[in-house]
Trainee: 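The structure is given below, and queries will be raised subsequently.
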Number of protein chains: 2
Amino acid sequence: MTDIFFNVKKHSDHQKFLKGMELLYFGYRDFISWPDDVLQTYGFGRAHHRILHFVGRNPGLKVAELLKLLNITKQSLSRVLSTLVEKGHVRQDIGTIDRRQRLLHLTEQGQNLLDKITEHQKEHMLKAFEKAGEQSVEGFWKVLSALIADENRTEILDRVNKDMGE
Amino acid sequence: MTDIFFNVKKHSDHQKFLKGMELLYFGYRDFISWPDDVLQTYGFGRAHHRILHFVGRNPGLKVAELLKLLNITKQSLSRVLSTLVEKGHVRQDIGTIDRRQRLLHLTEQGQNLLDKITEHQKEHMLKAFEKAGEQSVEGFWKVLSALIADENRTEILDRVNKDMGE
DNA sequence: TAAATATGTCAACATGACTGACATATTTTT
DNA sequence: AAAAATATGTCAGTCATGTTGACATATTTA
């Protein structure tokens with residue numbers, strides 16, 4: 001299997017599509033389901049995880065930027081973000097340049113929670129990378145980048161590449 | 001960017017993890033959101049799409065198998081599957097060997113709907129594959145396969161590889 | 001005949017999305 | 001200075017999709 005299975009040339013366009021689609025579905029599913037247990041003990045869900053992640057990765061993130069990253073409405077964000085703020089995981093600083101803005105930061109508590117959630121997921125992904133090999137990781141990144149909608153790509157890739165400069 | 005961005009060696013483990021995770025999130029998000037418009041005109045959602053896909057790919061699929069592929073409870077499935085059956089997109093044949101089983105098939109109508117949904121998504125993914133190159137597609141598949149939970153991998157890869165034999 | 005299995009259904013509930021309308025504080029434009 | 005635009009927040013109702021628990025039916029297996 002290991003050989004024929006991954007041999008792109010031996011696939012028709014439709015087969016390539018099916019394989020890509022199904023592997024993306026199952027891989028994503030099994031990767032994303034990891035942190036659920038940790039989250040549940042805190043009464044949080046995946047929505048909270050996403051916020052913790054993006055705020056952690058982008059300290060000082062504005063609410064409007066977070067909304068764009070999550071692709072949801074402010075009303076949806078509100079409930080989830082509010083509980084994170086109430087429970088002391090996220091801090092909202094008033095913008096210094098524009099006082100209407102709320103700049104989001106993780107508190108120490110929030111960072112600890114994020115680290116705990118991340119732990120397993122990080123291990124899981126790095127194991128997969130090791131198993132597949134460096135060359136494959138590069139391909140993985142390239143295809144996913146190409147899957148991002150054209151109108152979002154530049155902005156998203158800039159953000160993804162943040163703090164990875166050479 | 002194109003160079004440094006995808007150069008795996010220039011990344012720490014943590015950076016690799018972050019990049020993999022974020023690209024997976026955004027790539028999956030933008031890929032999966034395509035069919036929504038088509039679906040909505042029929043009053044269907046993503047859950048319906050998943051059923052149509054797996055039944056279409058595996059004619060004669062048993063309900064229990066579908067449940068396992070979707071990782072949901074039969075109560076959840078019931079509502080969605082029922083509407084698909086009622087509206088004539090999915091047919092439930094009584095098993096010939098075991099008459100308790102319901103073997104699922106797409107009707108012609110169901111196949112037409114699936115084709116319509118699939119159209120854009122297929123184009124989107126094949127474009128991404130072309131852009132990234134064959135070598136990358138292989139890596140994409142390999143990493144995703146490695147991301148599937150160990151206890152599921154063999155069975156899922158068998159199913160993904162169905163009708164792609166050499 | 002009894003137990004196990006495959007499927008379906010009723011009811012209540014949780015999460016995380018949505019829309020629409022409105023409120024407040026602050027900045028920008030006129 | 002007043003008016004308009006912007007960033008954020010909130011109330012209220014709705015929807016899609018998942019959950020648990022309990023129970024029902026038909027069929028196969030022990």
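A note on names: the letters A, B, ... follow the listed sequences, proteins ahead of strands, and every chain is numbered from 1. Computed from a predicted model, the values in this text were never measured in an experiment.
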Trainee: Of all the nucleotides listed (dG16(C), dT27(C), dC18(C)), which has the minimum atom distance to the side chain of Ile72(A)?
Mentor: dC18(C)
Trainee: To the nearest Å, how far apart are Leu70(A) CG and dG16(C) P?
Mentor: 12 Å
Trainee: Let me know the distance between CD1 of Ile94(B) and C1' of dT5(C), rounded to the nearest Å.
Mentor: 16 Å
Trainee: In whole Å, I'd like the distance from the NZ atom of Lys74(A) to the C1' atom of dT10(D).
Mentor: 9 Å
Trainee: Using a cut-off of strictly less than 4.0 Å, decide whether Gln92(A) has a side-chain nitrogen or oxygen near OP1 or OP2 of dG9(D).
Mentor: yes
Trainee: Report yes or no: is there a donor-acceptor pair, N or O only, under 3.5 Å between the side chain of Arg50(A) and the base of dG16(C)?
Mentor: no
Trainee: Give me the ring orientation class for His14(A) and Phe17(A): parallel if the planes are under 30° apart, tilted from 30 to 60°, perpendicular past 60°.
Mentor: tilted
Trainee: Think Ser76(A) has a side-chain N or O under 4.0 angstrom from the OP1 or OP2 of dC18(C)?
Mentor: yes
Trainee: Remember a base hit wins even if backbone is also touched, and classify Arg46(B) as base, sugar-phosphate or nothing at under 4.0 Å, heavy atoms.
Mentor: sugar-phosphate
Trainee: Can you tell me if Thr73(A) touches the phosphate of dC18(C), counting only side-chain N or O atoms and a distance under 4.0 Å to OP1 or OP2?
Mentor: yes
Trainee: Whole Å only: how far is the CG atom of Leu81(A) from the C1' atom of dA17(C)?
Mentor: 16 Å
Trainee: Kindly say if Arg99(A) contacts the phosphate of dT26(C), meaning a side-chain N or O under 4.0 Å from OP1 or OP2.
Mentor: yes
Trainee: Inspect the contact between Glu22(A) and Arg57(B) and indicate whether a charged nitrogen and a carboxylate oxygen are less than 4.0 angstrom apart.
Mentor: yes
Trainee: From CD1 of Ile97(A) over to P of dA25(C), roughly how many Å is that when rounded to an integer?
Mentor: 22 Å
Trainee: Report yes if a donor N or O on one partner sits less than 3.5 Å from an acceptor N or O on the other, where the partners are the side chain of Gln75(B) and the base of dG21(D); otherwise report no.
Mentor: yes
Trainee: Can the ring centres of Phe44(A) and His89(A) be said to be less than 6.0 Å apart?
Mentor: yes
Trainee: Kindly say whether Phe54(A) contributes a backbone atom to a donor-acceptor pair with the side chain of Asn58(A) at under 3.5 angstrom?
Mentor: yes
Trainee: Between the base of dT6(D) and the side chain of Arg100(A), is there a donor-acceptor distance below 3.5 Å?
Mentor: yes
Trainee: Leu67(A) CG to dT19(C) P: how many Å, rounded?
Mentor: 13 Å
Trainee: Mind calculating the distance between CG (Asp93(B)) and P (dA6(C)) to the nearest angstrom?
Mentor: 19 Å
Trainee: When the aromatic ring centroids of His48(B) and Tyr42(B) are compared, is their separation below 6.0 Å?
Mentor: no
Trainee: Once you round it to whole Å, what is the distance between P of dC15(D) and CZ of Phe44(B)?
Mentor: 17 Å
Trainee: With DNA chain C as reference, determine whether Gly45(A) or Asp98(A) sits nearer its 5' end, using the nearest nucleotide of each.
Mentor: Gly45(A)
Trainee: For Gly95(A) and for Val80(A), locate the closest nucleotide of DNA chain C by heavy-atom distance; then report the residue assigned to the nucleotide nearer the 5' terminus.
Mentor: Val80(A)
Trainee: For a quick test of reading the model: is some side-chain N or O of Arg102(A) closer than 4.0 Å to OP1 or OP2 of dT26(C)?
Mentor: no
